[in-house]
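The model shown is predicted, which means the values in this text are computed figures rather than measured ones. Numbers here are sequence positions counted from 1.
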Amino acid sequence: TFAVVSGKISFHLIISTLIVVAMWHRDLVESDRQWELRESELKFRSIFDNSVDAIGVSRDGLHIMVNPAYVRMFGYQPSENLAGSSILGLLAPPERAKVQKYVRRRAAGEDVPVAYETRGLRSDGSEFDLEVNVSTYELDGKVYTVPMLRDITERKQTQDALRTSEAR
């Protein structure tokens, strides 16, 4: 009888120990995943916040988040939040229809240019030449756009001056 009771106790002890070890292992794995996620988020945030290029995230033509370079490029104060505002409001009026078409087609999963030039509109109303490189990703069935923007006004002026000089 003692052997049977002892065997049942040993069996229950082994099962209990295995359950505790499995739960401990699961917690360790989950902890590692959380750490990896946090580390990834910190790396992204560091790159995003310190980039000299303007970087944003938008969905359906509305800003979700923008980095400090983005805010500066368009002449806004660091304290001004562009989240929720239309991306079209930062484009020169003649360019808005073209970019709106890209936004609609991109959201529909169609092929659209991932690199193009357009004209930006600063908060003071001045326009400038803008290079746009766009990547997209899908999350929960929604398409997000990540534009990386560069002010190319000086480059365009230099090219124009060179053409004029060569023409002479």
Side-chain angles (χ1 to χ4, degrees), residues 26 29-167:
R26 185 195 70 211
V29 169
E30 185 61 30
S31 177
D32 284 348
R33 284 188 194 136
Q34 288 175 352
W35 171 251
E36 289 171 359
L37 182 60
R38 179 76 177 134
E39 184 180 32
S40 176
E41 181 183 342
L42 289 170
K43 286 177 184 176
F44 165 78
R45 180 57 69 181
S46 178
I47 293 167
F48 186 80
D49 286 345
N50 295 300
S51 175
V52 295
D53 287 332
I55 304 172
V57 178
S58 64
R59 186 181 79 226
D60 299 327
L62 299 176
H63 293 103
I64 293 175
M65 59 190 285
V66 297
N67 71 348
Y70 197 107
V71 173
R72 282 191 307 273
M73 177 180 285
F74 289 96
Y76 290 92
Q77 297 300 313
S79 61
E80 294 182 80
N81 187 355
L82 297 175
S85 66
S86 171
I87 62 170
L88 298 178
L90 299 179
L91 297 173
E95 298 293 309
R96 291 176 183 168
K98 173 182 79 173
V99 174
Q100 180 63 39
K101 185 170 90 176
Y102 290 165
V103 169
R104 278 196 306 271
R105 289 180 57 205
R106 190 174 286 112
E110 297 177 29
D111 285 336
V112 293
V114 295
Y116 58 92
E117 292 181 6
T118 189
R119 302 269 304 155
L121 182 67
R122 290 194 176 91
S123 63
D124 66 3
S126 64
E127 294 183 12
F128 64 102
D129 293 303
L130 189 61
E131 178 183 80
V132 180
N133 290 282
V134 179
S135 63
T136 58
Y137 65 93
E138 189 174 322
L139 182 64
D140 296 329
K142 296 179 179 164
V143 176
Y144 292 81
T145 303
V146 180
M148 289 165 275
L149 311 174
R150 195 171 277 164
D151 182 340
I152 57 169
T153 303
E154 287 183 31
R155 178 174 39 170
K156 298 283 267 185
Q157 290 171 344
T158 301
Q159 290 171 344
D160 289 345
L162 182 59
R163 275 193 290 277
T164 301
S165 176
E166 288 174 346

Over all atoms of both residues, closest heavy-atom pair of [X] and [Y]:
X: Asp53; Y: Asn67; value: O-ND2, 3.0 Å
X: Gly75; Y: Ser123; value: O-OG, 2.7 Å
X: Ile64; Y: Ala83; value: O-CB, 3.4 Å
X: Pro113; Y: Arg106; value: O-NH2, 3.1 Å
X: Asn133; Y: Ala115; value: OD1-CB, 3.3 Å

How many angstroms lie between atom [atom1] of [X] and atom [atom2] of [Y], to the nearest 0.5 angstrom?
X: Leu91; Y: Leu121; atom1: CG; atom2: CG; value: 8.0 Å
X: Ile47; Y: Lys43; atom1: CD1; atom2: NZ; value: 8.5 Å
X: Lys101; Y: Arg104; atom1: NZ; atom2: CZ; value: 9.0 Å
X: Leu82; Y: Phe74; atom1: CG; atom2: CZ; value: 8.5 Å

Side-chain donor or acceptor of [X] paired with backbone N/O of [Y] under 3.5 Å:
X: Thr118; Y: Leu130; result: no
X: Glu95; Y: Ala92; result: no
X: Arg150; Y: Ala54; result: no
X: Asp124; Y: Ser126; result: yes

Any side-chain heavy atom of [X] sitting closer than 4.5 Å to one from [Y]?
X: Leu62; Y: Ser85; result: no
X: Val66; Y: Tyr76; result: no
X: Asp49; Y: Pro68; result: yes
X: Leu149; Y: Val132; result: yes
X: Ile87; Y: His63; result: yes
X: Leu88; Y: Val103; result: no

Could I get the full list of side-chain hydrogen bond (donor to acceptor under 3.5 Å, both in side chains) partners for [X], not counting sequence neighbours?
X: Asn81; value: none
X: Thr136; value: none
X: Glu166; value: none

Test of understanding: with ring pair (Phe, Tyr, Trp, His ring centres under 6.0 Å), list the residues that count as partners of Tyr116, not counting sequence neighbours. Tyr102

Tell me every residue that passes ring pair (Phe, Tyr, Trp, His ring centres under 6.0 Å) with Phe48, counting only those two or more places apart in sequence or in another chain.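 Phe44.
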
Less than 4.0 Å between a side-chain N and a carboxylate O, is that true for Arg119 and Glu127?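 Yes, Glu127 and Arg119 are salt-bridged.
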
Would you call the rings of Tyr137 and Tyr144 parallel, tilted or perpendicular, taking 30° and 60° as the class edges? parallel

Do other residues, nucleotides or ligands put more than 12 heavy atoms under 6.0 Å from the CZ atom of Arg96? yes

Please indicate whether Lys98 has more than 12 foreign heavy atoms, meaning atoms of other residues, nucleotides or ligands, lying under 6.0 Å from its NZ.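 Atom NZ in Lys98 is packed in, count exceeds 12.
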
Sequence neighbours excluded - side chain to side chain donor-acceptor pair (under 3.5 Å) pairs with any residue from residues 153-162: Glu117-Lys156, Glu131-Arg155, Asp151-Thr153, Asp160-Arg163

